[in-house]
Structure formats: structure tokens, C-alpha cells
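Read through the structure below, which is laid out as C-alpha cells, and then see the notes.
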There are 2 protein chains.
Amino acid sequence: MANQPAQPYNLPAEATLEVIGGKWKLLILCYLNCGPMRTSEFRKEIPDLSQKVLTQSLRELEEAGIITRTVYNQVPPKVVYEMSELGNSLRTILDQLGEWGEYYIEARK
Amino acid sequence: MANQPAQPYNLPAEATLEVIGGKWKLLILCYLNCGPMRTSEFRKEIPDLSQKVLTQSLRELEEAGIITRTVYNQVPPKVVYEMSELGNSLRTILDQLGEWGEYYIEARK
DNA sequence: TTCTATAGGAACCTTATGGTTACTTTGTAC
DNA sequence: GTACAAAGTAACCATAAGGTTCCTATAGAA
């Protein structure tokens, strides 16, 4: 139960992994990279992703400032998620992770 | 207990995160980026990293083909770890993760 | 007036990951 | 012959992350 140090990371790169890490966040960001999405659209596109983990992941991405959440005051509810400025700055990284992943999968065959 | 699908990833980028993910792997790779290291050197440099998690992480990186392990047949034992070719191909990614992490930490202040 | 659609919360369980402690092996130095 | 060094392994525990099921609110449609 030690207090958190001023800088909780050994390396800045860990901050990046903390933001995009987790089982589904990359996939969520990948969809948002193509444009805004509502919750129900995520549910249809990624049926294996449970409601709970979806909203949890979206909340964390929102708190990290990577995506924005817009609530339309209507019934039934409508909530739209999209990339923020900060989120867009991640694009290069996401692309590179994908490229190296392809290379790696190929190299391991 | 479902069988693994042919491709266990939704995205190739997930393969990358699987390789470098975990609490200590980035740090380990960061040290190896500067040159070969023996186990005892890791223990001194990263005292918060337990023996168990260290060897476990090194094993996984080795299985991923990212690092190599060389055992010298002597007593007391001597084991040296270093980056492989494949490991070196990760360098750009690691750098970018670090750069974005710095940017992000700054942007969040 | 009952049903539907949408987004989410609450309670609970399971598994993965990380951490701790104690033990092992074996040649050399004291 | 005892102690030490290096690189582990084994058994165990704690916490985090992910997953399941059921519940809620509310306007309009049937």
C-alpha cells in the first residue's frame, strides 16, 4: 500500500502502453479511426466485447483524453464516441504497431 | 476452454503488444538495447523486479525470438542475454512509444 | 397498456499476472 | 568441510483484469 511515486513509470513508453493496453482498446481505437461510433454500433461490430468491458474501456480512453463522448438528450438514448485531437496524435503509433505486428507474425511462421 | 482460432488476434498490432506488454518487459528491453546483460546485472539495476518475474519475462522474450540467451558452462553459472535481429527491429517502435509517452505526459499536465 | 430500443449500472465470479519465500546445484576459496 | 556465488525452480498468495447476468429509465409504437 505504498504511496505512488511522483512519476509512476520507469519509462515514458509505459504511459503509452497504459493508454492503449488492455484486451480491446486497440480494436476500439481502430474503429474510431474510421469515424465516430455509437455504443450500439460497437455492440454490433464487436459482439465478443461485453457491454461492461466496452463502456469501461471507453471511459478509460475518455479519461485519458484520447476520445470524446457526446450524449444526445433523447429517448432512447444516443451517445457518440470519436477521436480527440490527442487521439489523432496516436495514429502513427497505431500504424507502426500494426506494421511490426504483421512483420512479426510473418517472421514467426 | 474454446480452441484458439487460427489467428488469435483481431489486429496485428495486438501481436506487438503481446510481445512487449507486461509490467517489466519494456524496461528489460531498454537495458538490452544498450548491450548484453547478465542476470545478476538485471538484479542490481532493477531491484524492484523479482527474480521470478525477471526470468519469466526473459523466457517469454526469448520464446518470442526478441532476445537470445547464452549459457556459459561454468560455476557459478553465467548467463548472458542480448537482443536478437528481430529484437533490433523493434527499436523504432520502442522509440516511438517513448516519444508519444513523453508528449502525452506533458499534454496531460 | 404493454413492448421495444438504447446506454448503462450492480453484483458477482473466473482467470491472468505479479510477488514472496524457501530451496537447489556445484565448483572454488577459506 | 563449510560457506559462498549465480541462476534458477517450486509452492504459494494477492491483486487486477476481464466476463456474465440481471436490473434500470423512458418516450413512442403497437
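Each chain gets a letter, A, B and so on, in the order its sequence line appears, and its residues count up from 1.
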### Query
C/dA7 phosphate, OP1 or OP2: any side-chain N/O from A/Arg59 under 4.0 angstrom?
no
## Note on the structure
Heavy-atom nearest pair, A/Pro12 first then B/Ile105, reads CA-CD1, 4.3 Å
### Closest listed nucleotide, where the reference is the side chain of B/Pro77 and the choices are D/dG19, D/dA7, C/dA7
D/dA7
### Between P of D/dA6 and CG of B/Leu58, the distance in whole Å
17 Å
### Phosphate-side-chain proximity, B/Thr55 and D/dA7, N/O vs OP1/OP2 below 4.0 Å
no
### Query
B/Arg38 side chain N/O closer than 4.0 Å to the phosphate oxygens (OP1, OP2) of D/dA6?
no
### Query
Over how many whole Å does the gap from A/Leu17 atom CG to D/dA17 atom C1' extend?
16 Å
## Note on the structure
Taken to the nearest whole Å, NZ/B/Lys23 to C1'/C/dT20 is 13 Å
#### Entry: Over all atoms of both residues, closest heavy-atom pair of A/Pro36 and A/Glu82
CG-OE1, 3.8 Å
### Task
Calculate the interatomic distance between A/Met37 atom CE and C/dT6 atom C1'; express it in whole Å.
15 Å
### Nucleotide nearest A/Val79 when distance is taken to its side chain, options C/dG19, C/dA5, C/dA7
C/dA7
### Closest-nucleotide 5' rank along DNA chain D - winner of A/Leu49 and A/Val75
A/Leu49
### Stepwise salt bridge (Lys or Arg N to Asp or Glu O under 4.0 Å) test for B/Lys23 and A/Glu14
CA-CA 8 Å; B/Lys23 195 159 167 186; A/Glu14 290 170 18; over 6 Å; no
### Query
How would you label the contact of B/Arg43 with the nucleic acid (heavy atoms, under 4.0 Å): base, sugar-phosphate, or nothing?
nothing
### Query
Hey, does B/Ser50 reach any base, or is it just sugar-phosphate, or nothing, if we go heavy atoms under 4.0 Å?
base
## Note on the structure
Separation of D/dG18 atom C1' from A/Asp48 atom CG, nearest Å, is 13 Å
### Message
Can you identify which nucleotide, out of D/dG19, D/dA6, C/dA7, has its nearest atom closest to the A/Ser40 side chain?
### Response
C/dA7
### Query
Taking the side chain of B/Gln51 as heavy atoms from C-beta outward, which of D/dG8, C/dT6, C/dA11 is closest to it?
D/dG8
### Message
At 4.0 Å (heavy atoms only), tell me whether A/Gln74 reaches a base, stays on the sugar-phosphate, or touches nothing.
### Response
nothing
### Task
Check every strand shown and say whether B/Tyr81 touches a base, only sugar-phosphate, or nothing at a heavy-atom separation below 4.0 Å.
sugar-phosphate
### Task
Decide whether B/Tyr31 and B/Glu41 meet the rule of one side-chain donor and one side-chain acceptor closer than 3.5 Å.
no
#### Entry: Rounded distance (Å) that lies between atom P of C/dG18 and atom CD of A/Glu14
12 Å
### Query
Choosing from D/dG19, C/dT6, C/dG19, which nucleotide comes nearest the side chain of A/Trp24?
D/dG19
#### Entry: Separation of atom NZ in B/Lys44 from atom P in D/dA6, rounded to whole Å
6 Å
### Query
Between C/dT6, C/dG8, D/dT20, which nucleotide gets closest to the side-chain atoms of A/Lys52?
D/dT20
### Task
Write down the atom of B/Leu97, the atom of A/Ile93, and the distance for their closest heavy-atom approach.
N-CD1, 3.7 Å
### Task
For B/Thr16 and A/Trp100, indicate whether the former's side chain and the latter's backbone hold a donor-acceptor pair under 3.5 Å.
no
### Message
Here's a test of your reading of the structure: between B/Val80 and A/Glu60, which maps to the more 5' nucleotide of DNA chain D?
### Response
B/Val80
### Query
Rounding to a whole Å, what distance do you find between B/Lys25:NZ and C/dA16:C1'?
12 Å
